[in-house]
2 protein chains.
Amino acid sequence: MAEIPTLRQLTYFIAVAETLSFGKAAARCCVTQPTLSEGLHTLETLLGAPLFTRTKRTVALTALGQELVLPARDIVLRAEDFVQLAQMKRAPFTGTLRIGVIPTIAPYLLPALLPALQTQFPALELQLKEDVTAQLLSALNQHLLDMVLMAFPYDTPGNTQMKLWSEPFMIAMPGNKPLREDLASLSDLSRHNVMLLEDGHCLRDHALAACRLQTGQQRTFGATSLATLIQMVQHGYGATLLPAMAVSHQTLPPGVMIQRFANPQPSRQIGLVWRHGHPRENEFRTLGEMIAKMHEDR
Amino acid sequence: MAEIPTLRQLTYFIAVAETLSFGKAAARCCVTQPTLSEGLHTLETLLGAPLFTRTKRTVALTALGQELVLPARDIVLRAEDFVQLAQMKRAPFTGTLRIGVIPTIAPYLLPALLPALQTQFPALELQLKEDVTAQLLSALNQHLLDMVLMAFPYDTPGNTQMKLWSEPFMIAMPGNKPLREDLASLSDLSRHNVMLLEDGHCLRDHALAACRLQTGQQRTFGATSLATLIQMVQHGYGATLLPAMAVSHQTLPPGVMIQRFANPQPSRQIGLVWRHGHPRENEFRTLGEMIAKMHEDR
DNA sequence: TTTATTAATAGGAAAATCCTATTTAAATCA
DNA sequence: TGATTTAAATAGGATTTTCCTATTAATAAA
């Protein structure tokens, strides 16, 4: 039987590799610095070569350390997955599920979704995090989240996508009645001063792409939420593109008029993303089907 | 930070799952039975559910245990690989390499190969195991071997094949001169009583396939080595098919005559096999190239 | 030069791992 | 049926590992 390292040692190794500081790494691992120091030392002894070059002041990975970080992380993450897998097999839809949701979905979908999920799976504790897609995917790949509810198209290498439904964009413009009967074409947009969310929101990119707009063509205003954008439309600053969700779930204020696009309607897709081979993959698919069904029955 | 199991605990789990006995598993893990018993208990407590059903007399996996054996084994094997990977990166071609070789290759190739490897890589310790292909591949997939030197075609799911060279078969028959000048065709074989190795040797199957012989067409004699077969040819019992290796590296006794086949010559391939993603994959390829080169220069 | 920061070391406490000895329960055998 | 054998659980204690606090050593910054 071969001599193998401890998961603890590997955890220390990863923490130092990521923080490049024994002190910070120790704090992250919830141990003191000497403890971590010694743990790493025994690991290096086991491997027969140093993983770091210490110069009393700074820490850097050796070539060997560099090559071993990813394999080490892989092992530790699999061990964490193992517990989740057991939990899932033992009792599906129990325990904690950490879900990330983007800001242009969260306020419209969650109010209906959360109570429904609580009813269906009372033993499932949901931890929600709202942020822009890039941040959520980063957290997902660091195993800080289990699943992300987001909009597509979006490249998510190493992850599994589950598209749930397609959501058309609509124009919100100043006007006296809530819904304009005639249908807009993409070229109609040029007649408006189109305002969008600030950079980083995928809705901005999706709207630009779906409506084939140029980046410089509209003024951003650095709007941080759809609610703000709608306020600005109401006050006559211009028009904006809203996803169907925001139109149907929010009582639009007077002075804002909605116009649909003629087919083919520009749209984004709503869906889920999780890490390939996540132990709770089966649950995620079921949840996805539930969410899609709920949206269909809305 | 999530609570994760110990590699030790996972090792215990795997051992019991494979032996279905706490005692035997403890022996394999080099601990006493109570130690293993307690380790498993804490693992089951961590997971929140039993992995085994104990009936005081027999042990069986629960449904949960069944589902977790493979993931557990995967984690432990990766941890073992981690050490080998470090060893390899730190100092390639050092340490122990466990190689399996089939009996119809070993005696002809190893006498030249081993000294050459020792010269080239003095720090590399080779552990050799000679057995039939099925046994070697089984050991390979249990991580008891790192690499197998064998003959193809052979299906090796989950493993990487590296073909090195193609080796023609020749006929060995009773006769007064060592080499017959004219070339044989496959149909000439029917004029001989063809003897082959006993079942289990891939040479038997390869010769049958390459020469398009029927199974019942020849008498086996349960020969366990090529040397025995050659002896039988010498004593006039019939003919046999020999790989080129056996002809060139062994001084054939008087009374045995070799005849080559006309093109296309029936043949087998010699090559290496290792587990997909083995940490020392790079070394294996280099070794393979060395072996091929040595064979070419023979 | 002094101060602040960071990792290594020393020494001891706490926890875990592991052992021997024993108990318990079931299957086998007389 | 009762005795014996077999195999896992439990008890209690030794050993080892892990971890902590306190201190030292070394470097960079002030």
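Below, all heavy atoms of this structure are taken into account, side chains as well, without hydrogens, waters or symmetry copies. The sequence lines fix the lettering, A, B, ..., with proteins before strands; numbering per chain opens at 1.
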With a cut-off of 3.5 Å and sequence neighbours excluded, list every side-chain donor-acceptor pair involving residues 36-50 of chain B.
unit_1: B:Thr42; atom_1: OG1; unit_2: B:Gln9; atom_2: NE2; d: 3.2
unit_1: B:Thr42; atom_1: OG1; unit_2: B:Gly39; atom_2: O; d: 2.8
unit_1: B:Glu44; atom_1: OE1; unit_2: B:Arg54; atom_2: NH1; d: 3.0
unit_1: B:Glu44; atom_1: OE1; unit_2: B:Arg54; atom_2: NH2; d: 3.2
unit_1: B:Glu44; atom_1: OE2; unit_2: B:Leu51; atom_2: N; d: 2.7
unit_1: B:Glu44; atom_1: OE2; unit_2: B:Phe52; atom_2: N; d: 3.4
unit_1: B:Glu44; atom_1: OE2; unit_2: B:Arg54; atom_2: NH1; d: 2.9
unit_1: B:Thr45; atom_1: OG1; unit_2: B:His41; atom_2: O; d: 2.8

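- What you find for A:Cys202 and A:Thr133 is that their closest heavy atoms are SG-OG1, 3.6 Å.
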Can you check nucleotides 15-21 of chain C for protein contacts, nitrogen or oxygen pairs under 3.5 Å, and list what you find?
unit_1: C:dC18; atom_1: OP1; unit_2: B:Arg8; atom_2: NH1; d: 2.4
unit_1: C:dC18; atom_1: OP2; unit_2: B:Tyr12; atom_2: OH; d: 2.6
unit_1: C:dC19; atom_1: OP2; unit_2: B:Thr32; atom_2: N; d: 2.7
unit_1: C:dC19; atom_1: OP2; unit_2: B:Thr32; atom_2: OG1; d: 2.9
unit_1: C:dC19; atom_1: OP2; unit_2: B:Thr35; atom_2: OG1; d: 2.9

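- Between B:Arg54 and D:dA9 there is a side-chain N or O to OP1 or OP2 distance below 4.0 Å.
- Checked against side-chain contact (heavy atoms from CB on, under 4.5 Å), B:Ala139 has the following partners two or more places apart in sequence or in another chain: B:Leu144, B:Leu145.
- One can place CG of A:Leu43 at 15 Å from C1' of D:dT18, the figure rounded to the nearest angstrom.
- Every residue meeting the side-chain hydrogen bond (donor to acceptor under 3.5 Å, both in side chains) condition with B:Thr228, not counting sequence neighbours, appears here in chain and number order: B:Ser225.
- The stretch residues 60-67 of chain A does not touch DNA chain C, since none of its heavy atoms comes less than 4.0 Å from the strand.
- In this structure, A:Glu281 has no salt bridge (Lys or Arg N to Asp or Glu O under 4.0 Å) partners at least two apart in sequence or on a different chain.
- A residue-by-residue look at B:Leu20 and A:Leu36 shows that B:Leu20 has its nearest nucleotide of DNA chain D further toward the 5' end.
- The stretch residues 58-74 of chain A participates, sequence neighbours left out, in these salt bridge (charged side-chain N to carboxylate O under 4.0 Å, His left out) pairs: A:Glu18-A:Arg73, A:Glu67-B:Lys89, A:Asp74-A:Arg78, A:Asp74-B:Arg78.
- Applying the side-chain hydrogen bond (donor to acceptor under 3.5 Å, both in side chains) test to B:Thr104 and every residue at least two apart in sequence or in another chain returns B:Arg268.
- In this structure, A:His41 atom NE2 and C:dA7 atom P are separated by 14 Å, rounded to whole Å.
- Straight-line distance from the CG atom of A:Leu46 to the P atom of D:dT17: 13 Å, rounded to whole Å.
- Within the structure, salt bridge (charged side-chain N to carboxylate O under 4.0 Å, His left out) contacts touching residues 124-152 of chain A (residues at least two apart or in different chains) are A:Arg98-A:Asp146.
- Distance, A:Phe52 CZ to C:dA8 C1': 15 Å, rounded to whole Å.
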